[in-house]
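Numbered from 1 within each chain, the chains take letters A, B, ... in sequence-line order.
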Number of protein chains: 2
Amino acid sequence: MSMATSTYHHGDLPSALRAATVELITERGPTGFSLREVARRAGVSHAAPAHHFGSSKGLLTSVAAEGFATLVAAFDEAVEGLDDPIERLNAMGKAYVRTALNNPGHFGVMCTDELVDDADEAFIEASVGAYQRLLDGITAIRDAHNPSLDIDAAATMTWSAVHGYAVLHSALPGVAEKNERVLATMDETMNSFTKMMMDGYRAR
Amino acid sequence: MSMATSTYHHGDLPSALRAATVELITERGPTGFSLREVARRAGVSHAAPAHHFGSSKGLLTSVAAEGFATLVAAFDEAVEGLDDPIERLNAMGKAYVRTALNNPGHFGVMCTDELVDDADEAFIEASVGAYQRLLDGITAIRDAHNPSLDIDAAATMTWSAVHGYAVLHSALPGVAEKNERVLATMDETMNSFTKMMMDGYRAR
DNA sequence: AATTTTCGCTTGACACTGTCAAGACATCAC
DNA sequence: GTGATGTCTTGACAGTGTCAAGCGAAAATT
């Protein structure tokens, strides 16, 4: 047989372990993560994860890469059909915060870089892919509104602002209460961000 | 006798434990932190920290509070003698990033909120004190430049941008190499941030 | 001055953690 | 069928946070 998700004894243990990891971190936060508890939830022995991911860092890195891939997909979906560069950047900002708050298990790992192996290929590819989306967005704004815009500075500030907002406003654990409230007001906040930043990015 | 720093057997064990914690986290990152290793470095038994701080969370909360107090002091020192509101906010932004990168042991704990007890009094006081400095700075800009500026939105974005910048650019461990390079270019980056944001905050 | 209480800290134990080496065992290639 | 491969288990190791009990010095009380 050739089911994509079926390999050997378990079926697709790596994916099951990632899923259990996300579930566990969503419940207890990155601190509450434990390789053995993940193994327990996946119904395998305590040393099974190490076989696939080497160490706990390997597993978390894989989860982080998955998170960045999700983010990239969210970016692409958010800008679909939008032409105006400012609208596109605004949509990406909202998509970033929304993805972060809706996937707290992933997000918590993605942005605590000491949990992650920066040299991992899949991780690098997904994360630079995400940043590239932002750079493209800023470049489009430069082309449309302000030829002398410093793309790196603008990109750094944009990413910092949105990332900082998400970090400061995502609570983990205890997602339900707080994150939903933030999501409710997030659109308006992002609109403010966009307006304030765009006034700066545009030529005067 | 009545030496302020001398209490009992050790002298001032709580402070010594905080110092050892900062040292340890600077070396190995928040993940590498261990209550027993801290006790070892302070030269006391493995359960001594719990006696003063209850749990590892208590110790880390105390370290975080110390970090916010340091930040408040850095804010106040940075704006001293400056009158122009924009200059003052710019100086505060630089002070934030500088403090974060120069005190990575503290900063790492301050901004991973699951390590910290949000209900701790000293922690609350120090952290809202820091945020209040920012609010005051934004308010001054509103008064001087733009009566209709939304203070909360501007404050959120400012804090997010600066915090996000610090988070994304502080490496831990491995401080020496990276953080110094960031610090070298940080002033210029913060000036860009200020310029871009101020164009947005000012009335058009 | 003697004695009790208080407080700082130690000791020992518990269940838990990540990682490593060795083995079991199903599948695949041949 | 036989060996090789890769998946997973088992067992052990040192290390962890936290708890209960105990020790001994200082302070308070008498």
Side-chain angles (χ1 to χ4, degrees), chain A residues 1-21 23-25 27-64 109 112 114-117 120 173, chain B residues 1-21 23-25 27-64 109 112 114-117 120 173:
Chain A
M1 69 171 122
S2 61
M3 282 180 55
T5 59
S6 150
T7 54
Y8 199 56
H9 291 153
H10 180 280
D12 187 3
L13 187 52
S15 291
L17 292 171
R18 269 190 297 269
T21 299
E23 184 191 281
L24 177 57
I25 295 182
E27 279 177 28
R28 306 190 194 167
T31 300
F33 166 80
S34 133
L35 214 44
R36 287 171 112 107
E37 174 64 23
V38 165
R40 238 170 268 134
R41 294 187 179 208
V44 292
S45 79
H46 67 263
H51 180 69
H52 288 279
F53 295 103
S55 67
S56 87
K57 196 172 198 169
L59 174 52
L60 293 175
T61 301
S62 181
V63 169
V109 178
T112 59
E114 69 164 334
L115 297 178
V116 158
D117 176 16
D120 182 81
Chain B
M1 72 170 123
S2 61
M3 280 181 55
T5 59
S6 153
T7 54
Y8 198 57
H9 293 151
H10 180 280
D12 187 4
L13 186 53
S15 292
L17 291 171
R18 269 190 297 267
T21 300
E23 185 190 280
L24 177 58
I25 295 181
E27 280 177 28
R28 305 189 195 169
T31 299
F33 167 80
S34 136
L35 214 45
R36 287 172 113 106
E37 174 65 22
V38 164
R40 237 171 269 133
R41 293 187 180 208
V44 292
S45 79
H46 67 263
H51 180 68
H52 289 280
F53 296 102
S55 67
S56 87
K57 196 173 197 168
L59 172 53
L60 292 174
T61 301
S62 182
V63 168
V109 178
T112 61
E114 71 166 332
L115 297 178
V116 158
D117 176 16
D120 182 81

Taking only Lys NZ, Arg NE, NH1 and NH2, and the carboxylate oxygens of Asp or Glu, determine whether Glu27(A) and Arg41(A) approach each other closer than 4.0 Å.
yes
Side chains of Phe33(A) and Val63(A): does their closest heavy-atom pair fall under 4.5 Å?
no
Residues from residues 50-64 of chain B lying under 4.0 Å of DNA chain C - heavy atoms
His51(B), His52(B)
Ser45(B) side chain: which of dT10(D), dT11(C), dG18(C) is closest?
dT11(C)
Tell me: CG of Leu35(A) to P of dT9(D), nearest whole Å?
13 Å
Locate the shortest heavy-atom distance separating Leu17(A) from Ala42(A); write the atom from each residue and the value.
CD2-CB, 3.8 Å
Options dG17(D), dT11(C), dT9(D), nucleotide nearest the side-chain atoms of Ala48(A):
dT9(D)
What is the distance, rounded to the nearest whole Å, between atom CZ of Arg41(B) and atom P of dT16(D)?
11 Å
Record whether the side chain of His46(A) comes under 3.5 Å of the base of dG11(D) through a donor-acceptor pair of N or O atoms.
yes
Value in whole Å for how far the P atom of dG17(D) lies from CZ of Phe33(B)
7 Å
Compare the minimum distances between each of dA13(C), dT11(C), dA12(D) and the side chain of Arg36(A), then state the nucleotide with the smallest one.
dA12(D)
Considering only heavy side-chain atoms of Ala47(B), the closest of dG17(D), dT9(D), dT11(C) is dT11(C)
Does any non-hydrogen side-chain atom of Arg28(A) lie less than 4.5 Å from one of Glu37(A)?
yes
Could you tell me the separation between the CG atom of Leu17(B) and the C1' atom of dG8(C), rounded to a whole number of Å?
12 Å
Minimum-distance nucleotide to Leu13(B) side chain [options: dC9(C), dT10(D), dT17(C)]
dC9(C)
Under the side-chain contact (heavy atoms from CB on, under 4.5 Å) rule, collect the residues that match up with Thr61(B), sequence neighbours excluded.
Lys57(B), Val116(B), Asp117(B), Asp120(B), Phe123(B)
With sequence neighbours excluded, residues passing salt bridge (charged side-chain N to carboxylate O under 4.0 Å, His left out) with Arg36(B):
none
